[in-house]
Amino acid sequence: MTESHIPAGFLFSAATAGIKPSGKPDLALALAPEGATAAAMFTRNQVVAAPVTIGRENLRRGQGKIRALIVNAGNANCATGAPGLSAAKTVCSELAKYLETSPAQVFPSSTGIIGVPLPFEKITAAIPRLLAEAGTDKLMAFATAIMTTDTKSKAASAQISYKGSHVRLAGVAKGAGMIHPNMATMLVYLFTDVKANPKELQSCLKRAVDQSFNNISIDGDTSTNDTVLLLASGKSHIALKAISKQFEGVLKDVCQSLAAQIIADGEGVEHIVRLKIEQARTTEEARQIARAIANSPLVKTSWAGADPNWGRLLAAIGYSGVKINP
């Protein structure tokens, strides 16, 4: 992470709220004091965590405008029923009171153990500390606080020059287990100072995610809390439409870097394999073939044993469901 690439218009902080039993930092905050436009993509699992439900609602109610992002680690607030939804709403409402804004402009995220009630009182008690310590230089502290089984924080950044000014983009992520295409137990937060509306951001984000986080797999499990959130402060005063190609390029690069870091830090990972599918009729067919190979237990065992058994790859291609010429 290059400090000069931290986008203007954001403040970050982290705190220990006592949610993780380890006593390590487990609460992170990102503020956009003058507001930011937002775009997001979420898990495709039908079992959805409370913060994903509330986050979607808030983006809709707030028409894609966000003032704050608050993330807790150590508790996923998933499979917690109506109390879980109430807990997520309470966190948003309490933070909104301090910011003198609407709860719809607060975006919640959670990661950690499933099925345990969220101790939201610990989160709300730590809000004054988070706000008091927020600064432009705390993004890596934010990245560390959102970790669960990760062994290292994950970050990437880039910068675009345009007519003597700069657009900056920085991203952080967490994820090491339950990683599978269509996103995974993975939280990704991207911050930029480009000037854009939510619709423009959503279009860029979808393409970047399709070329990065939706192309990785560790264990074949799709999780319940997956979120990729892109926030744009507009503080560069450079419109996205003026640099659309360059911005999409660096957004893809940052997302692919974060995706690769997630794979490298995967639970039990000893080998990193990159699949390159050529001569497919469509991108979706190429992806279907890659998934068949990546999720084959026999292929995985051959890789684990450092045995280049190409016959197993050929067999997986054959049962992928894609019509091929053997």
Side-chain angles (χ1 to χ4, degrees), residues 1 5 7 37-45 52 143 154-160 167-176 178-192 194 196-223 225-232 240-266 269 272-295 316-317 320-322:
M1 171 72 68
H5 290 178
T37 53
M41 295 186 69
F42 300 97
T43 180
R44 295 183 190 178
N45 196 317
V52 171
K154 301 164 181 71
S157 63
Q159 180 174 280
I160 298 168
V167 166
R168 298 172 179 86
L169 172 68
V172 297
K174 68 79 52 182
M178 292 183 83
I179 302 295
H180 183 57
N182 296 333
M183 300 197 298
T185 284
M186 179 182 79
L187 300 179
V188 179
Y189 306 108
L190 302 156
F191 307 94
T192 180
V194 77
N197 63 46
K199 186 176 179 180
E200 291 171 330
L201 289 179
Q202 191 69 42
S203 178
C204 290
L205 182 63
K206 184 181 185 306
R207 285 191 287 270
V209 167
D210 280 345
Q211 296 175 76
S212 56
F213 304 113
N214 280 348
N215 284 344
I216 60 176
S217 182
I218 292 175
D219 44 38
D221 276 339
T222 301
S223 179
N225 292 56
D226 313 334
T227 299
V228 179
L229 178 69
L230 172 59
L231 297 177
L240 174 56
K241 62 185 71 174
I243 54 164
S244 57
K245 285 187 179 179
Q246 300 99 306
F247 184 81
E248 287 204 26
V250 297
L251 180 61
K252 182 187 77 170
D253 290 345
V254 166
C255 287
Q256 288 183 340
S257 172
L258 292 171
Q261 290 176 58
I262 288 171
I263 290 294
D265 195 30
V269 165
I272 299 171
V273 178
R274 186 180 297 273
L275 300 177
K276 185 176 181 181
I277 311 301
E278 298 180 339
Q279 300 182 43
R281 280 176 289 269
T282 65
T283 299
E284 190 45 50
E285 286 195 354
R287 194 174 273 140
Q288 190 173 335
I289 289 169
R291 286 175 183 167
I293 296 170
N295 296 326
I317 292 168
S320 67
V322 173

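Partners of Glu284 under the side-chain contact (heavy atoms from CB on, under 4.5 Å) rule, at least two apart in sequence or in another chain, are Thr282, Arg287, Arg291. The salt bridge (charged side-chain N to carboxylate O under 4.0 Å, His left out) test applied to Arg281 returns Glu285, not counting sequence neighbours. Under the side-chain contact (heavy atoms from CB on, under 4.5 Å) criterion, Ala208 pairs with Leu251, Cys255, sequence neighbours left out. The ring pair (Phe, Tyr, Trp, His ring centres under 6.0 Å) test applied to Tyr189 returns Phe142, not counting sequence neighbours. A search for side-chain contact (heavy atoms from CB on, under 4.5 Å) contacts involving Ala173 returns Lys154, Val188, Leu258, Ile262, not counting sequence neighbours.
Of the inter-residue distances, the one linking Leu229 atom CG with Phe191 atom CZ reads 7.0 Å to the nearest 0.5 angstrom. To the nearest 0.5 Å, the span separating CD1 on Ile263 from CZ on Arg274 amounts to 10.0 Å. Leu201 contributes atom CG, which lies 6.5 Å from atom CZ of Phe247 (distance to the nearest 0.5 angstrom). Summarising the geometry, atom NZ belonging to Lys206 is positioned 15.0 Å from atom CG belonging to Leu230; distances are rounded to the nearest 0.5 Å. Note that the SG atom of Cys204 and the CG atom of Leu190 stand 11.5 Å from one another [nearest 0.5 Å]. Rounded to the nearest 0.5 Å, atoms CG (Asn197) and NZ (Lys241) are 7.5 Å apart.
Screening Val322, Ile317, Ile277 against Gln288 for a side chain to side chain contact (heavy atoms under 4.5 Å, CB included) leaves a single residue, Val322.
Listed here is the closest heavy atom pair of Ala292 and Ala316: CB-O, 3.6 Å. Nearest heavy atom pair, residue Ala155 against residue Val172, reads CB-CG1, 4.1 Å.
The backbone N or O of Gly175 lies less than 3.5 Å from no partner atom in the side chain of Asp265, so there is not a single donor-acceptor pair. Remark: the backbone N or O of Leu169 is not paired with any side-chain donor or acceptor of Ser157 at under 3.5 angstrom. Side chain of Thr37 to main chain of Ala196: a donor-acceptor pair is present (N/O by atom type, distance under 3.5 Å, no hydrogens or angles). Under a 3.5 Å cut-off, the side chain of Gln211 and the backbone N or O of Gln256 do not form any donor-acceptor pair.
Side-chain contact between Ile293 and Ile289 is present, with heavy atoms from C-beta onward closer than 4.5 Å.
Listed by first and then second residue, the salt bridge (charged side-chain N to carboxylate O under 4.0 Å, His left out) pairs that reach into residues 248-264 are Arg207-Glu248, sequence neighbours excluded.
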